[in-house]
Amino acid sequence: MNASRSWRGSDLARQIVVLSALSFMLIAAVIGAGAFGNSAVEDQQGGALDTDGSYLAPAGPAFSIWSVIYLGLIAYAIWQALPGQRTNPRQRALGWLIALTMTLNGLWLVAARFGTLFLTVVVIVLLLAALGWTFRVAVATREPRGGVVDSVLIDGVTGLHLGWVTLATVANTAAYLTTVVPADWENAASAIGIAVLIVVALIGLAIAWRSSWRVTPALALAWGLSWLAVERFGGEPQSTPIGVTAIIVAVVVLVPPVAVSVLRLLRPSVD
């Protein structure tokens, strides 16, 4: 009886924590958007986080993916708070982790507004690690034919979050390094950028492989890489080699999981 009561109390606490983490993240996002008269994220840190902050920053429209991620997290938080989800074993495994990712998401915005550029790098690396672990648990706990809502709000949203933050971590780190490395390093910017994007390709393929070729991380990563290419072709600083490499990496990252997804549609017995 005591064990059962303890489980119920923990389950309710988890649901409340997820909703609280969502509230914190959304408040931070509203402040980060400059809704209360403060500067928006791209104007903070001396403009280092803007699209021209480094050779690895994507164009502005890339950041619209946050709207999809936030809407997905809102839907997840509401869904997991339903009484029918309270004792769901998958929610028990993932609820606390997803709450952690939302909290770190909000903390990054706080760091960008009130902290230092280096602190934003620390927080986004922690967020990336938390998302990687969360997605790993999501893949491990996924039940065959677990349902569309479960698949979209857990696997889909977490995958998009992970894929986008993978590239955002690269852009954030590049923005910080741009402010501290010697100015003459810019002569090697294209070569360094290409090398980094090759590493991004390997990371993207590793995520796909370790997640049984789930497509959503690749979709978000390819989206960001495509807009990175757009910015390098037509924005500042320009770099055609980096732009071309970004397009190639986007294709390399996206094609394998999409191909596997198509095969799964053709063979419904494969989850």
Side-chain angles (χ1 to χ4, degrees), residues 16-54 56-78 80 94-135 153 156-180 216-217 220-221 223-224 227-228 231:
I16 294 172
V17 167
V18 169
L19 291 171
S20 300
L22 174 73
S23 300
F24 169 69
M25 182 189 70
L26 293 178
I27 291 170
V30 170
I31 294 174
F36 297 112
N38 57 293
S39 57
V41 169
E42 62 269 20
D43 299 321
Q44 295 166 11
Q45 301 296 333
L49 297 171
D50 205 348
T51 57
D52 60 356
S54 79
L56 294 175
F63 297 91
S64 62
I65 195 174
W66 278 124
S67 299
V68 178
I69 294 170
Y70 283 165
L71 286 173
L73 289 172
I74 291 169
Y76 167 77
I78 294 172
Q80 66 84 38
L94 285 160
W96 297 103
L97 290 172
I98 294 176
L100 174 62
T101 64
M102 290 192 287
T103 301
L104 287 169
N105 190 311
L107 283 175
W108 184 90
L109 291 161
V110 172
R113 177 70 178 87
F114 300 106
T116 64
L117 193 55
F118 176 73
L119 183 59
T120 66
V121 175
V122 173
V123 176
I124 203 167
V125 168
L126 292 174
L127 173 57
L128 179 61
L131 283 166
W133 183 258
T134 303
F135 196 60
L153 296 186
V157 174
T158 304
L160 286 176
H161 203 174
L162 172 61
W164 172 250
V165 170
T166 298
L167 187 64
T169 301
V170 172
N172 197 163
T173 304
Y176 167 69
L177 291 176
T178 299
T179 65
V180 298
T216 48
L221 193 51
W223 166 266
W227 284 109
L228 191 159
E231 188 65 15

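One-based numbering along the sequence shown.
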Please name the pair of heavy atoms, one in [X] and one in [Y], separated by the smallest distance, quoted to 0.1 Å.
{"X": "T103", "Y": "A21", "answer": "OG1-CB, 3.5 Å"}
{"X": "A111", "Y": "V123", "answer": "CB-CG2, 4.3 Å"}
{"X": "P58", "Y": "A171", "answer": "CD-CB, 4.2 Å"}
{"X": "A77", "Y": "L22", "answer": "CB-CD2, 3.5 Å"}

Trace of the side-chain contact (heavy atoms from CB on, under 4.5 Å) decision for H161 with T216
CA-CA 9 Å; H161 203 174; T216 48; over 6 Å; no
Heavy-atom side-chain proximity of F24 to V110 below 4.5 angstrom
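Result yes, sub-4.5 Å side-chain heavy-atom pair found.
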If you measure from CG on L26 to CE on M102, what distance do you get to the nearest 0.5 Å?
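If I round to the nearest 0.5 Å, the distance is 8.5 Å.
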When rounded to the nearest 0.5 angstrom, what is the spacing between CG in L119 and CG in L117?
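Here the rounded value is 9.5 Å.
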Donor-acceptor pair, distance only, cut-off 3.5 Å: does the side chain of W227 make one with the backbone of G60?
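Side chain of W227 to backbone of G60: no pair is present.
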Pairs of donor and acceptor atoms involving the side chains of residues 68-76, under 3.5 Å and at least two apart or interchain, shall be tabulated with distances.
{"residue": "Y70", "atom": "OH", "partner": "N105", "partner atom": "OD1", "Å": "3.2"}
{"residue": "Y76", "atom": "OH", "partner": "Q91", "partner atom": "OE1", "Å": "2.8"}

Mind checking what makes side chain to side chain contact (heavy atoms under 4.5 Å, CB included) contact with V17, not counting sequence neighbours?
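Once residues adjacent in sequence are excluded, the partners of V17 under the side chain to side chain contact (heavy atoms under 4.5 Å, CB included) criterion are W96, A99.
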With sequence neighbours excluded, tell me which residues meet side chain to side chain contact (heavy atoms under 4.5 Å, CB included) with A220.
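Side chain to side chain contact (heavy atoms under 4.5 Å, CB included) list for A220, sorted by chain: I65, L160, W164.
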Give the intermediate values and the outcome of side-chain contact (heavy atoms from CB on, under 4.5 Å) for residues L162 and L221.
CA-CA 9 Å; L162 172 61; L221 193 51; over 6 Å; no
Check the pair L109 / M25 against side-chain contact (heavy atoms from CB on, under 4.5 Å), numbers first and verdict last.
CA-CA 8 Å; L109 291 161; M25 182 189 70; 5.6 Å; no
Before giving the answer on side-chain contact (heavy atoms from CB on, under 4.5 Å), spell out for W108 and R113 the whole-Å C-alpha distance, their side-chain angles and the decisive distance to 0.1 Å.
CA-CA 9 Å; W108 184 90; R113 177 70 178 87; over 6 Å; no
Taking distance alone, no hydrogens or angles, what donor-acceptor pairs closer than 3.5 Å link side-chain atoms of residues 124-132 to residues at least two apart or in another chain?
none

Which class fits the ring pair Y176 and F118: parallel under 30°, tilted 30 to 60°, perpendicular over 60°?
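It falls in the tilted class, 30° to 60°.
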